[in-house]
> 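Got a structure for you, written out below as C-alpha cells; questions coming shortly.
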Amino acid sequence: MQTAETVLTLLGLTTALAFLARKANVPYPIFLVVGGMVLGFVPGLPEVTLDPQLVFLFFLPPILYAAGYFTSWRDFRVNLFAITLLAVGLVIATMTAVAAAVHALVPGIAWPVALVLGAIVSAPDAVAATAIAQRLRLPRQIVTILEGESLVNDATGLVLLKFATAAVVTGSFSIASGVLEFLLLVAGGIAVGLAMGLIFVWLQRFLDDAILATTASILASFLVYIVAERLHVSGVLAVVVAGLLQGRYVPYIWSSSARIEGTAVWQTLVFLLNALIFVLIGLQLPMILRGLDRPWPAVVDGLFAAFGAIVVVRLLWMFPGAYLPRFLSERYRATHPYPPWQAVTIVGWAGMRGVVSLAAALSLPLALANGNPFPARHFLIFLTFALILGTLVVQGLTLPPLIRWLRVEEDRTAEREERHARLALADAAIGHLDGKTDDGTYHAHQIHPVRNEYVQRIRALKGFEGETRSAGLATIRSAKALRQEALDVQRRQLLQLRAEEVIGDDVLHRIQHELDLEEMGLRGS
C-alpha cells in the first residue's frame, strides 16, 4: 500500500511540476530536477531510492524505442558519420579528459577510479537532449545530430564503464580484448535489434485491433532489451534499431485508428517516464549527501575539474569533427556542405547529462574482488549528480539565449518538403477522381465538390494573384484555423442538444468521436 501511495504521489507531483515548467517557459527536465531536489528535503515525504535496474529495465527501453520510432531514418543515415564521431569518438575523448582532470586535481583518486567517473558522465542524455532541442525549434540537422548522438552514445558509455569498473574491481584490463568485446557488443546489439524488430513488424501485420497493436509495440521495447542483455550484447542499441524499424514500417501495417491511438498512448507514456526520471534524479540528493565521505574542497575541485573537462573537450571536438572530414574528402564535402559555425557551436554546447549517468553511478559495485570497499564510490555518485544538475541548469538554461545571440533560426527545409508533399498528394487525388469520372463510376456532379477542394488546395500551395509560396502555406493554415472554429461551434451545439435532452449520450459520443478525429486530422496536417 505504501509503495502504491508513493508512486501515485510522485505522479501527482510530476504532473504539477511539469505544468509549472510549461507556465514558466522553462524546459521541463530542468524544472523537474530542481523540484525533485526541493521535495527531497520536505519532512514527512517517504524516501525514494532510484534503483539502477529499474532505470535500465523499466524506463530506458520504451524511451529509446519511442525516440528511434520518431527519428527520421533518412536524416539519421545522412548524418551517420557525424553521429558516429560524437557517439563513439567524443565519448572516449570525454572519458579520458574527465579522468585526467579529476586525477590531476583531486588527491587520492587513482587513474582507474578516475576513468570510471569519466565513463559514467561521458555520454549526453537522450531524454534531456530531445526534450530541450525540440522545444527550441532548432534547424533539422542540429536536432537530428543531437538526437542521433544521444540514441547511440549510451551504448558506448555503458560499455566503457563496464571495462573501467572491471579494471578497478580485478586490478587488470586488456585493451585488445576490450576493443574486441566492444565490437561484439555493438554488432550483437544491432543484429538482435534488426532480427527482433523485423519479427515484430511481421507479427503486427496480424493485429487489426488498435489497442492490441499499441500494447504489442510497448511490450516489444522491453522484450528486445531483455533478450539483448541476456545474450550479453548491447540492449540499448538493440532497442534503438528495433524502434527505427518500427517507425519505418508502421505506416504500412497499422490502420489509421491504430496510428492515432498508438501515438497518443506512446506520447503519454514517454512523457510520464521522462518526467518521473527527472523528479527521481532530484529526490536522490539527500541520500547522496548522507553518503558523501570526502571534504568539500576536494568535492568542489572534482566538480569543477569534471565539468570543465566535459564542456571544453566537447567544444574542442566539435569544430575539427565537423570541418576536417569535409576538408580532407572532396567527395564527402560534395554531399555534406560545411555547416555554419553557429550550428556547430550549438551542438557543442548542448551536452546535458541525465538519468543514465546517475543509474550507472548507482550501479557501481560495493566491493572489490578482494573484499575491500569500492574506492571513492560515494564521491563518484555525488559528482555524477552534481554534473547532471550543472549541465542541465547551466547549459539547458543558457541554450535559448545562446541560440538567439548566434541568430540560429529554424531552417525552411521541412516547410519546402511539406509543400511538395501536399502538392503531390493533391495531384494524385485529382488524378484518381478524374479516373472515376472517365470510367462512369460516378457522375461529374458527384465528384466536382470533392475535386474542387483539391484544386483549391493546389492553388493555395502554388500561390495565386501575386501571393508568394510561403503565403500559399499561410492560406492553408488559415483554412485550418477556420475549420477549427467550425468544429468548436459544432461541439458546443452538440453539447447543448444533449443538455436539452434532444439526443442521448450514445449519439453524443458517436458524433463527438467523429469531430475529434477530424480535429486530429487538422492538427496533424
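Note: hydrogens, waters and symmetry copies are ignored here, and every other heavy atom, side chains too, is used.
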> Are the side chains of F304 and L105 in contact, using a 4.5 Å heavy-atom criterion?
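Not touching, per the 4.5 Å side-chain cut-off.
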> Evaluate the criterion side-chain contact (heavy atoms from CB on, under 4.5 Å) for residue pair L362 and I381; output intermediate values, then yes/no.
CA-CA 7 Å; L362 292 171; I381 293 173; 3.9 Å; yes
> Counting N and O atoms only, with roles assigned by atom type, does the side chain of H103 sit under 3.5 Å from a partner on the main chain of L115, one being a donor and the other an acceptor?
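No: the side chain of H103 does not pair with the backbone of L115.
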> What is the distance from atom CG of L358 to atom OG of S363, rounded to the nearest 0.5 Å?
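One finds 9.5 Å between CG of L358 and OG of S363.
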> Just by distance, do the side chain of N79 and the backbone of D75 share a donor-acceptor pair under 3.5 Å?
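Yes; judged by distance alone, with no hydrogens or angles, the pair exists.
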> Within this structure, what is the CG-CG distance for the pair L402 and L397, rounded to the nearest 0.5 Å?
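Reported value, rounded in 0.5 Å steps: 12.5 Å.
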> How about CZ on F327, more than 12 heavy atoms from neighbouring residues, nucleotides or ligands closer than 6.0 Å, or not?
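For F327, atom CZ is not crowded (no more than 12 foreign heavy atoms under 6.0 Å).
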> For F81 and Y332, take the angle between the two ring planes, folded into 0 to 90°, and tell me which bin it lands in: parallel under 30, tilted 30 to 60, perpendicular over 60.
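Perpendicular: the ring planes of F81 and Y332 meet at over 60°.
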> Counting neighbours of CZ on R74 that are heavy atoms of other residues, nucleotides or ligands and sit closer than 6.0 Å, is the number greater than 12?
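Result for CZ/R74: enclosed.
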> Looking at every non-hydrogen atom in both residues, tell me the closest pair between R314 and P124 and how far apart they are.
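So the two residues come closest at NH1-CG, 3.6 Å.
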> Mind checking whether T165 and P365 have side chains closer than 4.5 Å, heavy atoms only?
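Yes; the side chains approach each other to less than 4.5 Å.
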> Hey, is the main chain of F76 close enough, under 3.5 Å, to the side chain of T144 for a donor-acceptor pair?
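No; zero donor-acceptor contacts below 3.5 Å.
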> Measure across V102 and I109 and return the closest heavy-atom pair with its distance rounded to 0.1 Å.
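Shortest heavy-atom contact: CG1-CG2, 4.0 Å.
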> Just how far is it from atom CE of M318 to atom CG of L85, taken to the nearest 0.5 Å?
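Nearest 0.5 Å value for the CE-CG distance: 9.5 Å.
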> Between W341 and Y323, is the ring centroid distance below 6.0 Å?
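They do not qualify: ring centres at least 6.0 Å apart.
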> For F278, which of I388, L32, L17 qualifies under side-chain contact (heavy atoms from CB on, under 4.5 Å)?
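The side-chain contact (heavy atoms from CB on, under 4.5 Å) with F278 is passed solely by L32 among I388, L32, L17.
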> Return the CG to CZ distance between L285 and F382, rounded to the nearest 0.5 Å.
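If I round to the nearest 0.5 Å, the distance is 7.0 Å.
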> So that I know where these two stand, are F163 and F182 an aromatic pair - ring centroids less than 6.0 Å apart?
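No, they do not, as the ring centres are separated by 6.0 Å or more.
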> ring-ring contact (aromatic ring centres under 6.0 Å, His included) with W266: which of Y69, W254, Y65, F271?
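Per the ring-ring contact (aromatic ring centres under 6.0 Å, His included) rule, the option paired with W266 is Y65, out of Y69, W254, Y65, F271.
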> Is there side-chain contact between V152 and T84, with heavy atoms separated by less than 4.5 Å?
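Of all side-chain heavy-atom pairs linking T84 with V152, none is under 4.5 Å.
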> Is there a donor-acceptor contact under 3.5 Å from the side chain of S329 to the main chain of R326?
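No.
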> Specify whether Y252 and Y249 have parallel, tilted or perpendicular ring planes, treating 30° as the upper limit for parallel and 60° as the lower limit for perpendicular.
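Tilted.
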> Is there a side-chain contact (heavy atoms from CB on, under 4.5 Å) between V168 and L364? Walk through the geometry before answering.
CA-CA 11 Å; V168 175; L364 291 175; over 6 Å; no
> Shortest non-hydrogen contact from A309 to A101?
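The pair with the smallest heavy-atom distance is CB-CB, 4.1 Å.
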> If you define the side chain from C-beta out and look only at heavy atoms, does anything of M95 sit under 4.5 Å from L160?
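The answer is yes; the side chains approach within 4.5 Å.
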> How long is the span from the CD1 atom in I310 to the CG atom in L315, to the nearest 0.5 Å?
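Answer rounded to 0.5 Å: 12.0 Å.
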> Please report the closest heavy-atom contact between A275 and T14, naming both atoms and the distance.
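A275 and T14 have their closest heavy atoms at CB-CG2, 2.9 Å.
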> If you round to the nearest 0.5 Å, how far is CD1 of I281 from CG of L276?
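The CG atom of L276 sits 11.0 Å away from the CD1 atom of I281.
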> Quick one: side-chain hydrogen bond (donor to acceptor under 3.5 Å, both in side chains) pairs with a partner in residues 377-391, sequence neighbours left out?
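Sorted result for residues 377-391: empty, none.
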> Are the side chains of S221 and L64 in contact, using a 4.5 Å heavy-atom criterion?
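Side chain of L64 against side chain of S221, heavy atoms only: no contact under 4.5 Å found.
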> Between T94 and W317, do the side chains contain a donor N or O and an acceptor N or O under 3.5 Å apart?
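Checked: W317/T94 side chains show no N/O donor-acceptor pair below 3.5 Å.
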> Tell me the closest heavy-atom pair linking Q204 and S217, and the distance in Å.
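In terms of heavy atoms, the two residues are closest at OE1-CB, 4.4 Å.
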> Check step by step if side-chain contact (heavy atoms from CB on, under 4.5 Å) holds for R294 and L383.
CA-CA 11 Å; R294 294 259 166 168; L383 280 189; over 6 Å; no
> For W202, is the CH2 atom crowded, meaning more than 12 foreign heavy atoms sit under 6.0 Å from it?
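No, not enclosed.
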> Taking side chain as C-beta onward, heavy atoms only, is R230 less than 4.5 Å from I226?
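Yes, close enough: below the 4.5 Å cut-off.
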> A side-chain contact here means heavy atoms from C-beta on lying under 4.5 Å apart; do F379 and V113 qualify?
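They are not in side-chain contact.
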> Specify the closest pair of heavy atoms between L399 and A350, including all atoms of both residues, with the distance to one decimal.
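Heavy atoms of L399 and A350 come nearest at CD2-CB, 4.0 Å.
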> What do the steps show when you test T345 against F319 for side-chain contact (heavy atoms from CB on, under 4.5 Å), and what is the final call?
CA-CA 8 Å; T345 303; F319 288 91; 3.4 Å; yes
> Evaluate the side-chain proximity of I277 to I63: yes if any heavy-atom separation is below 4.5 Å, no if none is.
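Touching, per the 4.5 Å side-chain cut-off.
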